There are 2 protein chains.
Amino acid sequence: MAATKDPRPCSIADTLALVGEKYSLLVLREVCLGNGRFDQLVRNIGAPRDVLATRLRRLVDAGILTKRVYSERPQRFEYRPTAAGLELEPLLMILKEWGDRHLRADDRPMVVEHACGHELVPLVTCAACGEEVRHEDLTAHPQSPGWTVSGPVAA
Amino acid sequence: MAATKDPRPCSIADTLALVGEKYSLLVLREVCLGNGRFDQLVRNIGAPRDVLATRLRRLVDAGILTKRVYSERPQRFEYRPTAAGLELEPLLMILKEWGDRHLRADDRPMVVEHACGHELVPLVTCAACGEEVRHEDLTAHPQSPGWTVSGPVAA
DNA sequence: CGCCGTCAGTTGGAAATTCAAACCCTCGCC
DNA sequence: GGCGAGGGTTTGAATTTCCAACTGACGGCG
């Protein structure tokens, strides 16, 4: 799990170090759906119980989930997303949208409805101008020397 | 890698099966930055060469990357994102934004500029109404029986 | 009380992956 | 001929994953 050499310093990599392991984002999915109990997670995700236990510890440590007691005697727990965890939900929506479009043929296993009454189609926009983000409109500026980018990728 | 039992059918899981393995999204990052050559990828990502080779094959098979010859004699290759690959770039922006906000203290290693002249702050919005997506505004509707959701997660 | 069932994990050992370094092959260049 | 770059593959050891079984604290039932 240690970094091999010294790769590009990057917040994407840092975030993935927390939520990029197998099953972690599926845990977040279930927890966002309100299915936060251990056995529900095992069933809905299909992960081995030990791996799941490890992931849950990590996500709680990272401040993405909290472990709450929903019943003393018998003691029973439930995992819920923190505010920081909920901020990752858009990630799930984009993964879902991509999968629906590219991997499925009109048999979407889940439909998400937005409060406005329409089915949610998530769009990533620029907070400053409101435009949808397109690759050609982006320019990356590395802040540390030595970590260059090779310019825009033309079609 | 086989699914343990039969977990919830889900496009999020399907998409993660393609891009959720270790390093895959970092490959996409580099390729979107224009650093598509094998040795660049090894250096910038810090992945073992063999694992990287495996990931690249998988991403090409999935239609997320293409392998192009940029020089015959000596034969040299370069990986580039396909249209489908570029559609995953917003994912990277959200991971970056989350990491910048939660994992860093004003030492962002990369700044992305949008064509509008401002630094990019990605926002996920509803295509129908334009509003920013908030957890409380979403309702999930599973399409297959047996895969319930336990209702909204209150604060 | 004795037994069964649920929930939330832990344990143990075999199987699959990852890691790191070394190696290979094709070329261009001097 | 030797060196170096680019783009991988091979090898063997170190980690992780997987799976099934087990634990332990209860609650309920007869």
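Keep in mind that what you see is a predicted model, and the values were worked out from it rather than measured. In what follows, every chain begins at residue 1, and chains take the letters A, B, ... in the order their sequences are listed.
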Enquirer: Under 4.5 Å between side-chain heavy atoms, counting indirect links through other Ile/Leu/Val/Met/Phe/Trp/Tyr residues: same cluster for B:Leu138 and B:Trp147 or not?
Expert: no
Enquirer: Would A:Ser24 and A:Arg58 satisfy side chain to side chain donor-acceptor pair (under 3.5 Å), going step by step from the backbone distance to the final call?
Expert: CA-CA 9 Å; A:Ser24 293; A:Arg58 181 158 189 68; over 6 Å; no
Enquirer: Does the pair B:Phe77 and B:Leu56 meet the rule for a side chain to side chain contact (heavy atoms under 4.5 Å, CB included), with working shown?
Expert: CA-CA 12 Å; B:Phe77 309 99; B:Leu56 287 169; over 6 Å; no
Enquirer: Establish whether the base of D:dA5 is bridged to the side chain of B:Asp39 by a donor-acceptor pair shorter than 3.5 Å.
Expert: no
Enquirer: Whole angstrom is fine here: how far is it from CG in A:Asp50 over to C1' in D:dA21?
Expert: 12 Å
Enquirer: How close or far is atom C1' of C:dA21 from atom CG of B:Leu52, stated in whole angstroms?
Expert: 16 Å
Enquirer: Please tell me which of B:Tyr70 and A:Val51 maps to the more 5' nucleotide of DNA chain D, matching each residue to the nucleotide holding its nearest heavy atom.
Expert: B:Tyr70
Enquirer: Atom CD1 of B:Ile45 to atom C1' of C:dA20: distance rounded to whole Å?
Expert: 17 Å
Enquirer: Could you work out, with salt bridge (charged side-chain N to carboxylate O under 4.0 Å, His left out) as the rule, every residue matching A:Arg108, not counting sequence neighbours?
Expert: A:Glu119
Enquirer: How many Å lie between CZ on A:Arg43 and C1' on C:dA8, as a whole number?
Expert: 12 Å
Enquirer: To the nearest Å, how far apart are B:Phe77 CZ and C:dC25 C1'?
Expert: 12 Å
Enquirer: What is the separation between atom CD on B:Glu21 and atom P on D:dT17, rounded to the nearest whole Å?
Expert: 12 Å
Enquirer: With sequence neighbours excluded, tell me which residues meet salt bridge (charged side-chain N to carboxylate O under 4.0 Å, His left out) with A:Arg49.
Expert: A:Asp39
Enquirer: Phosphate oxygens OP1/OP2 of C:dC19: is one of them under 4.0 Å from a side-chain N or O of B:Lys22?
Expert: yes
Enquirer: Hey, is the side chain of A:Tyr79 poking within less than 4.0 Å of OP1 or OP2 on C:dG9, counting only N and O atoms?
Expert: yes
Enquirer: Would you indicate, yes or no, if D:dT17 has its OP1 or OP2 atom less than 4.0 angstrom from a side-chain nitrogen or oxygen of A:Arg55?
Expert: yes
Enquirer: C:dC7 P sits how many Å from A:Asn35 CG, rounded?
Expert: 13 Å
Enquirer: Measure the distance from CD on B:Gln40 to P on D:dG6 and round it to the nearest whole Å.
Expert: 9 Å
Enquirer: With the sugar-phosphate defined as primed atoms, P, OP1 and OP2, and the base as all remaining atoms, what B/S/- string results for nucleotides 22-30 of chain D, 5' to 3', for protein heavy atoms under 4.0 Å?
Expert: ---BSS---
Enquirer: Going by side-chain contact (heavy atoms from CB on, under 4.5 Å), B:Leu28 matches just one of B:Leu65, B:Leu59, B:Val19. Which one?
Expert: B:Leu65
Enquirer: Does a donor on one side chain sit under 3.5 Å from an acceptor on the other, for B:Glu131 and A:His114?
Expert: no
Enquirer: How would you list, by chain and number, every residue that makes a salt bridge (charged side-chain N to carboxylate O under 4.0 Å, His left out) with A:Glu113, sequence neighbours excluded?
Expert: none
Enquirer: Roughly what angle, to 10°, lies between the helix axis at the start of the helix from C:dC1-D:dG30 to C:dC30-D:dG1 and the one at its end, five pairs per end?
Expert: 0°
Enquirer: Listed by chain and number, what are the side-chain hydrogen bond (donor to acceptor under 3.5 Å, both in side chains) partners of B:Glu89, not counting sequence neighbours?
Expert: A:His135
Enquirer: Ignoring backbone atoms, test whether B:Arg57 places a side-chain nitrogen or oxygen under 4.0 Å from the OP1 or OP2 oxygen of D:dT9.
Expert: yes
